[in-house]
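Here is the structure we will look at, set down as structure tokens.
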Amino acid sequence: MTGKSNPFSSLITSPPCNLQRSLLTISALTLITFTYLSLKSLHFPLQYSSPDLSVTRQVESLEEFTDIYHSPEVFRLNYEEMEKNFKVFIYPDGDPNTFYQTPRKLTGKYASEGFFFQNIRESHFRTDNPDEAHLFFIPISCHKMRGKGTSYENMTVIVDNYVQSLIMKYPYWNRTLGADHFFVTCHDVGVRATEGVPFLVKNSIRVVCSPSYDVGFIPHKDVALPQVLQPFALPAGGNDIENRTTLGFWAGHRNSKIRVILARVWENDTELDISNNRINRATGPLVYQKRFYRTKFCICPGGSQVNSARITDSIHYGCIPVILSNYYDLPFNDILNWERFAVILKESDVYRLKYILKEIPDEEFVLLHNNLVKVQKHFQWNTPPLRYDAFHMVMYDLWLRHHVIKY
């Protein structure tokens with residue numbers, strides 16, 4: 001038979017040793033090819049970036065997404081998808097003196113509620129077309145109601161009537177029984193007032209500042225809103241480790257059991273700076289805030305509620321927050337690995353507090369501090385909002401929750 005030879009004929013006619021050699025060659029080539037393709041695939045995630053993202057943003061993303069996140073690459077890709085696609089419809093109905101207005105101020109420890117109301121209206125996430133919305137925002141400001149002297153009972157009636165009117169007027173609540181609806185409240189009265197409307201609490205997404213497991217907070221449904229005392233009185237703490245000579249610091253009112261114990265056990269200690277009362281302003285300007293700059297670990301026990309603005313103060317001023325709580329679902333806990341930049345303790349650990357902190361090696365403290373500086377941007381409100389700030393982190397948490405809603 002003439003013509004081109006069969007390239008595999010040698011495998012058929014050669015002795016067994018030649019056959020083995022040929023098989024080994026083919027296996028080696030296959031392994032090399034597979035290895036090359038596997039290494040090349042490591043660059044694929046960049047191809048999923050938004051088409052309008054610059055090379056600079058891509059490089060920046062790779063540098064800033066570190067192990068402070070549970071899944072850095074997943075967060076990066078999902079965040080970019082959220083920026084491109086997420087849409088929220090804000091209900092326009094209701095008394096303009098009660099609903100659909102920014103709460104009465106953007107300062108103080110409940111400023112997070114006000115900033116969110118303002119940010120959502122300024123952001124590109126807002127849509128006027130409910131048919132393209134992923135979620136529906138119920139703009140209830142119980143903080144604003146409280147400013148008008150409304151009682152808890154009347155707040156509950158107002159909220160109930162308002163939500164019922166939305167259910168009657170629009171078809172969207174009934175599609176999921178409110179599972180794709182959310183409301184935001186940071187003030188304690190907002191939590192109490194809305195708790196009087198069981199179907200709202202049970203079905204919709206609650207974005208609240210007091211997410212305690214023992215008061216009905218549902219982690220996979222609800223969102224922990226950081227309580228931020230803005231504007232911050234002093235700049236953010238950064239590369240100032242050498243100035244932090246005090247082991248631990250806390251000053252505040254004894255309005256909870258854990259705070260009473262903390263003060264009683266440690267207020268006379270020489271290594272922990274524990275004050276039974278708030279620092280008197282008469283002692284000097286911003287004395288309280290300046291203590292954060294000089295301290296390694298800032299103690300954050302819950303007060304009348306499990307949450308505390310002291311946590312975000314600590315983060316801003318570069319002092320490692322020490323969370324003393326049994327039930328607190330920390331803000332962005334499903335995104336951020338808090339153990340990388342904070343110390344998480346049970347309330348029963350208060351008796352060994354100083355010894356636990358002293359056992360933390362210097363190199364671990366430096367790592368915690370460096371990571372803390374990286375997360376500061378996530379606990380800052382801005383107007384207009386900025387990428388990765390507190391507003392966008394809340395929106396990302398909402399984006400994650402909308403994926404489980406099917407209709």
Side-chain angles (χ1 to χ4, degrees), residues 109 227 229 232-328 330 338-373 375-376 379:
K109 62 182 180 178
Q227 188 178 59
L229 184 62
F232 292 109
L234 295 170
N239 187 20
D240 53 4
I241 294 177
E242 67 281 356
N243 298 326
R244 299 182 180 278
T245 55
T246 302
L247 179 62
F249 166 63
W250 175 77
H253 295 313
R254 295 194 296 180
N255 56 350
S256 67
K257 180 180 179 181
I258 184 60
R259 291 187 176 191
V260 170
I261 297 173
L262 175 65
R264 186 180 71 237
V265 175
W266 298 111
E267 64 181 335
N268 295 319
D269 191 84
T270 57
E271 294 179 274
L272 294 178
D273 182 5
I274 305 298
S275 300
N276 188 15
N277 296 295
R278 292 180 183 269
I279 297 175
N280 194 325
R281 293 181 180 180
T283 61
L286 303 177
V287 172
Y288 174 75
Q289 290 83 354
K290 291 176 181 177
R291 295 276 185 93
F292 285 86
Y293 288 131
R294 303 200 303 266
T295 308
K296 292 182 176 181
F297 301 97
C298 289
I299 319 305
C300 302
S304 56
Q305 293 288 329
V306 67
N307 57 297
S308 171
R310 184 175 283 101
I311 296 175
T312 52
D313 278 346
S314 301
I315 293 173
H316 175 77
Y317 295 119
C319 184
I320 309 301
V322 180
I323 313 299
L324 269 178
S325 179
N326 295 334
Y327 300 104
Y328 190 17
L330 292 159
W338 276 77
E339 293 183 351
R340 302 286 185 175
F341 57 90
V343 177
I344 315 296
L345 301 177
K346 298 288 188 182
E347 291 183 359
S348 58
D349 291 325
V350 67
Y351 300 99
R352 298 180 53 249
L353 178 61
K354 182 175 77 169
Y355 310 106
I356 292 174
L357 298 181
K358 292 187 71 172
E359 289 175 358
I360 298 175
D362 290 341
E363 56 272 19
E364 183 177 343
F365 163 71
V366 172
L367 181 60
L368 288 170
H369 177 79
N370 291 340
N371 287 339
L372 189 70
V373 173
V375 302
Q376 286 174 341
F379 296 89

Under the side chain to side chain contact (heavy atoms under 4.5 Å, CB included) criterion, do N243 and R294 qualify, and how do the steps go?
-> CA-CA 6 Å; N243 298 326; R294 303 200 303 266; over 6 Å; no
Could you go through the salt bridge (charged side-chain N to carboxylate O under 4.0 Å, His left out) check for E347 and K257 one step at a time?
-> CA-CA 10 Å; E347 291 183 359; K257 180 180 179 181; over 6 Å; no
Applying side chain to side chain contact (heavy atoms under 4.5 Å, CB included), run through V265 and I274 and close with a yes or a no.
-> CA-CA 9 Å; V265 175; I274 305 298; over 6 Å; no
Decide yes or no on ring pair (Phe, Tyr, Trp, His ring centres under 6.0 Å) for F249 and Y293, but give the supporting numbers first.
-> CA-CA 10 Å; F249 166 63; Y293 288 131; over 10 Å; no
Decide yes or no on side chain to side chain contact (heavy atoms under 4.5 Å, CB included) for F341 and V373, but give the supporting numbers first.
-> CA-CA 9 Å; F341 57 90; V373 173; over 6 Å; no
Output, in order, the C-alpha distance, side-chain angles, deciding distance and verdict of side chain to side chain contact (heavy atoms under 4.5 Å, CB included) for F297 and I356.
-> CA-CA 11 Å; F297 301 97; I356 292 174; over 6 Å; no
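Within the model, atoms CZ of R310 and OH of Y317 stand 12.5 Å from one another, a figure rounded to the nearest 0.5 Å. A distance of 6.5 Å separates CG in N326 from OG in S348, rounded to the nearest 0.5 Å. Within the model, atoms CH2 of W266 and CG of D273 stand 14.0 Å from one another, a figure rounded to the nearest 0.5 Å. Atom SG in C300 sits 10.5 Å away from atom CG in L262 (nearest 0.5 Å).
D313 places none of its side-chain heavy atoms less than 4.5 Å from the side chain of Q289. A 4.5 Å side-chain heavy-atom check between I241 and N370 finds at least one atom pair inside the cut-off. Inter-residue side-chain proximity for L357 and I299 is flagged as met; some heavy-atom pair is nearer than 4.5 Å.
Judged by distance alone, with hydrogens and angles left aside, the side-chain atoms of D269 form a donor-acceptor pair with the main-chain N or O of L272 at under 3.5 Å. Side chain of S256 to backbone of G302: a donor-acceptor contact under 3.5 angstrom is found. A donor-acceptor pair under 3.5 Å is absent between the side-chain atoms of R291 and the main chain of C298, judged by distance alone. Put simply, the side chain of N371 never gets that close to the backbone of L368: no donor and acceptor are under 3.5 Å apart. T312 places a side-chain N or O within 3.5 Å of a backbone atom of Q227 that can act as its donor or acceptor partner. Q376 places a side-chain N or O within 3.5 Å of a backbone atom of H316 that can act as its donor or acceptor partner. Of the possible donor and acceptor atoms, one in the side chain of R259 sits under 3.5 Å from a partner among the backbone N and O of H253.
Closest non-hydrogen pair, K296 versus L247, comes out as CB-O, 3.7 Å. Residue I311 comes nearest to L330 through the heavy atom pair CD1-CD2, 4.4 Å, listed as atom of the first residue, atom of the second, then distance. Scanning all heavy atoms of the two residues, the minimum distance from L372 to P321 falls at CD1-CD, 3.8 Å. In plain terms, the two heavy atoms of I360 and F365 that are nearest each other are CG2-N, 4.1 Å. Here the shortest heavy-atom pairing between K346 and L324 reads O-CD2, 3.4 Å. Counting all heavy atoms, side chain and backbone alike, A342 lies closest to I320 at CA-CG2, 3.9 Å.
Counting heavy-atom neighbours within 6.0 Å of E364 CD, excluding the residue itself, gives a total above 12.
Between Y288 and F292, the ring-plane angle classifies as perpendicular under the 30° and 60° cut-offs.
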